[in-house]
Each structure stands twice: as structure tokens, then as C-alpha cells.
Amino acid sequence: MIKIPSSEITPEHVYLSRRAFMAGAGTLAAGALLAACGVASESPAAPPSGPAPVASKATDELGDPLNSYEQITTYNNFYEFSTDKAGPARMASGFKTSPWEVAVGGLVNKPQTFAMEDLLKQFDQEERIYRLRCVEAWSMVIPWRGFSLSKLLKAVEPKAEAKFVRFETLYDPNQLPGQQDGYFPWPYVEGLRVDEAMHDLTLLATGLYGRDLTPQNGAPIRLAVPWKYGFKSIKSIVKIDLVDTMPTSLWMASSPGEYGFYANVNPDVSHPRWSQSSERRIGELGRHKTLPFNGYADEVASLYAGMDLKLNF
Ligand code: MTE
């Protein structure tokens, strides 16, 4: 059992609030939002069925070891299933990910609804090893499989008026029981500026460790934006729209003082309730220093030249 530093132990009122949410009481206090770090047990997963999980390398480009398949698939944030880290793996196994379609439209010349199989055929799938840094100050290193979002966006030809991209998760309260709770403005919505969305690092992930995504990781298709806090990396996407105004994400709507639109990883800007200067790498005992833009500053800092990153958090 890993000893949890006292800074990561969830305060009792937050814990109680989470219990209330899970009971469907709909009375979640703001304090419970994305503050669940460190409370879940890192319990062993069932061994994967199908091909063994494989990755081409054992570390990321900084030399940090990959998290194990088991860690990545058993410690999850997917509030549509549960607010408990171990909950999604337990509850998502029956989630229906086929047939699946992604409707891409809005301010584009060629709106199109893509069947999942066609996305896999049309766009070459490649491995990308990315760090995922949750706003709750834990992190993992994950070998995703997927393709750059820019390829999909180019296929639908964004119009010049398109300034932002808005993403939506499936809305299906029967399959996603968390959506029966009225506290959050479901469905989960996220957004990027068009230039962020077109950046080559912005990935639509369809797999990890060479296998299809598990439901708890956002099957069959989710975003992976490695320089932003993990909540930007929306799961189980069914709709992508090019729009001219900044989308309001679920987290912006729920707690605007805590979660902004940009959500770039920034060790110098604390969350109102905790520091962002360091992080707990899942499976390790010590803490890592959090890097600006999660270690991707060379690639992406220029996107924000001249912007006040404290104001635009
Ligand atoms: N997407 C949806 N639809 N619902 C969620 O609750 N949680 C986000 C993000 N995407 C979430 C989501 C958060 S807070 C994080 S840190 C990552 O997913 C976690 O991804 P993982 O469980 O695959 O590690």
C-alpha cells in the first residue's frame, strides 16, 4: 500500500460530498470537483484479454518510464461512470463502443459523419508516448495510439470564421450513470483554439499500448492534448464542431474560478486549493517537479506568445 502524502489526502467534506454524488443525491459541493487525488487504491486489474500490451519504447523522451497498462487502465477520471479513481474500470466494461460515429461539422465546408472503422482506415494510426498531467497533481506516461486531430480537421475544411473547436462526449444516461446526476451540465464538453487543435501534438487517441482503448480510458476515441491538464483530453467523443466563439467546457461551467479554458500545465499558477508546482507520478513514491507546458514548451509555448498565462489559466 502506497503511503499517501498528507497534502493529497482528501478533506473529509470533499470525501463526503463525493459519496453524496455517487449516491445520486445531486448535492455535490464545489469542493469535490476534481479534487479526488490520492484516495483510490491502485488495485490490480484483471489481466488483459487479447494481444499483449506493447509499446515501442520503455520511456518517454525525458527518460521517464512508461506507466504500466494496469496502472493506466485502473486509475481513471471518467465522471460519467464514477468519481472514484477505481470506479470507471469496474463500471465501464459493458459500455457499448460499436457501432460508433463521430459527427464533424459547424463552420466547415465539408461536414461529415465518420464511422469509427472509417476513421481507423482513413487515418494512419501511430504511437505517441505522452505525459498526462491531471489538474489534481498526479501524472502518468502513456503510449497512445492514434492520429493527429489536424488530419481530421483538414478533411472537413474549416472555414476562415472558425476560431475554436468544440468537442462533446456521448450523452447516454443509461450507459453513463453519472449523467443521471443533475449537478454537472452534461454532456462533457471541451474546447481548443483552432491553432491548438491543428498543432501536430494534438492527438485523437484510439488505443494505448498497441491495443484498442478501454472504455474507462475513453473508448473508442478521445483527445490527448499533452501540454494541457488532463481534463482537456475529453473521452468517448461523438461530436466535433468548428465554431466562432470560445466554447464553455463542463469544468468552466461547473467551477469557473478553478478551471479555465486554456488549462495549460503551469507550475507557477496554483489551483485555488492546491499547488501545481509538483506532481505524483502514479506508481512512484517521490514527486516530480511539474514542467511548464508539461515538458512540451519548445513545441507549444509560441502559441501563447504575448498572453498573460495567469489571467488565461
Ligand atoms: N472525459 C470525460 N468525458 N469525462 C471525464 O470525467 N476526465 C478528464 C479527462 N477526460 C474526463 C474526461 C480528466 S480530469 C482526466 S485527468 C483524464 O480524462 C483522465 O484520463 P485517463 O483516465 O485515461 O487517465
Side-chain angles (χ1 to χ4, degrees), residues 48-51 53-55 69 72-73 76-81 88-89 91-106 108-128 130 132 142-158 165-179 186-192 197-198 200-226 230 232-243 247 250:
S49 55
V54 283
Y69 184 82
I72 297 167
T73 57
N76 299 101
N77 267 338
F78 202 166
Y79 274 33
E80 286 87 334
F81 288 107
M91 297 170 71
S93 59
F95 183 56
K96 203 163 171 277
T97 56
S98 174
W100 192 276
E101 289 182 340
V102 182
V104 190
V108 299
N109 292 324
K110 295 183 172 168
Q112 197 181 331
T113 296
F114 294 85
M116 195 57 214
E117 339 37 297
D118 294 334
L119 289 175
L120 293 171
K121 267 191 241 140
Q122 196 170 333
F123 302 105
D124 288 343
Q125 307 289 307
E126 53 180 295
E127 184 193 69
R128 298 274 185 97
Y130 285 166
L132 177 133
I142 303 181
W144 299 111
R145 183 197 73 199
F147 59 100
S148 287
L149 171 65
S150 64
K151 294 184 179 169
L152 177 66
L153 296 181
K154 283 177 192 154
V156 296
E157 296 182 7
V165 187
R166 181 184 182 280
F167 305 85
E168 225 177 87
T169 294
L170 177 71
Y171 181 71
D172 182 354
N174 287 329
Q175 287 207 80
L176 300 170
Q179 292 178 341
W186 305 110
Y188 199 100
V189 166
E190 260 307 335
L192 294 171
M198 295 299 281
D200 186 55
L201 282 177
T202 303
L203 194 74
L204 277 171
T206 62
L208 62 90
Y209 265 109
R211 312 177 87 223
D212 289 344
L213 282 183
T214 65
Q216 61 268 32
N217 290 103
I221 187 162
R222 57 93 55 87
L223 209 56
V225 193
K232 299 295 288 182
S233 292
I234 179 173
K235 296 179 169 181
S236 305
I237 297 168
V238 291
K239 202 166 180 296
I240 301 177
D241 283 314
L242 282 284
V243 295
L250 175 137

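Note that the structure is a prediction, hence the values are computed from the model and not measured. Side chains are part of it too, since the values below use all heavy atoms of this structure and drop only hydrogens, waters and symmetry mates.
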Fill in the blank from the handout: Contacts satisfying side chain to side chain donor-acceptor pair (under 3.5 Å) that involve residues 95-104 (not counting sequence neighbours) are none

Practice task
Only pairs at least two apart or in different chains count here, so list each side chain to side chain donor-acceptor pair (under 3.5 Å) that has a residue in residues 165-179.
Solution key: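 Qualifying pairs, neighbours excluded: R166-E168, D172-Q175.
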
Fill in the blank from the handout: Residues at least two apart in sequence or cross-chain that pass salt bridge (charged side-chain N to carboxylate O under 4.0 Å, His left out) with K235, listed by chain then number, are none

Side-chain donor-acceptor distances from residues 111-124 under 3.5 Å, at least two apart:
none

Problem - Results of side chain to side chain contact (heavy atoms under 4.5 Å, CB included) for T214 - residues two or more places apart only - result: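 Side chain to side chain contact (heavy atoms under 4.5 Å, CB included) check on T214 returns Y69, T73, Q216, N217.
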
Just so I know, are the side chains of [X] and [Y] near enough to count as touching, which here means a heavy-atom distance under 4.5 Å?
X    : Y    : value
D200 : R128 : yes
E190 : L223 : no
D212 : R145 : yes
I72  : W144 : no

Practice task
Enter the distance from I240:CD1 to L153:CG here, rounded to the nearest 0.5 Å.
Solution key: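 Reported to 0.5 Å precision, the distance equals 7.0 Å.
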
Practice task
Find the distance between CD (E127) and CG (L208) and round it off to the nearest 0.5 Å.
Solution key: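 Reported value, rounded in 0.5 Å steps: 10.5 Å.
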
Handout entry: Test ring-ring contact (aromatic ring centres under 6.0 Å, His included) applied to F81 - qualifying residues, sequence neighbours left out
Key =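 ring-ring contact (aromatic ring centres under 6.0 Å, His included) check on F81 returns F78, F95.
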
For residues [X] and [Y], report the shortest heavy-atom separation together with the two atoms involved.
X    : Y    : answer
S236 : A219 : OG-O, 2.8 Å
I142 : L132 : CD1-CB, 4.1 Å
G191 : P247 : CA-CG, 4.1 Å

Exercise for the section: Taking T206 for its side chain and I221 for its backbone only, find out whether a donor-acceptor pair lies under 3.5 Å. Expected result: no

Problem - Any donor-acceptor N/O pair, Y130 side chain to L201 backbone, under 3.5 Å - result: yes

Handout entry: Passing option when P158 is tested against N109, V165, L242 for side-chain contact (heavy atoms from CB on, under 4.5 Å)
Key =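 Option passing the side-chain contact (heavy atoms from CB on, under 4.5 Å) with P158: L242.
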
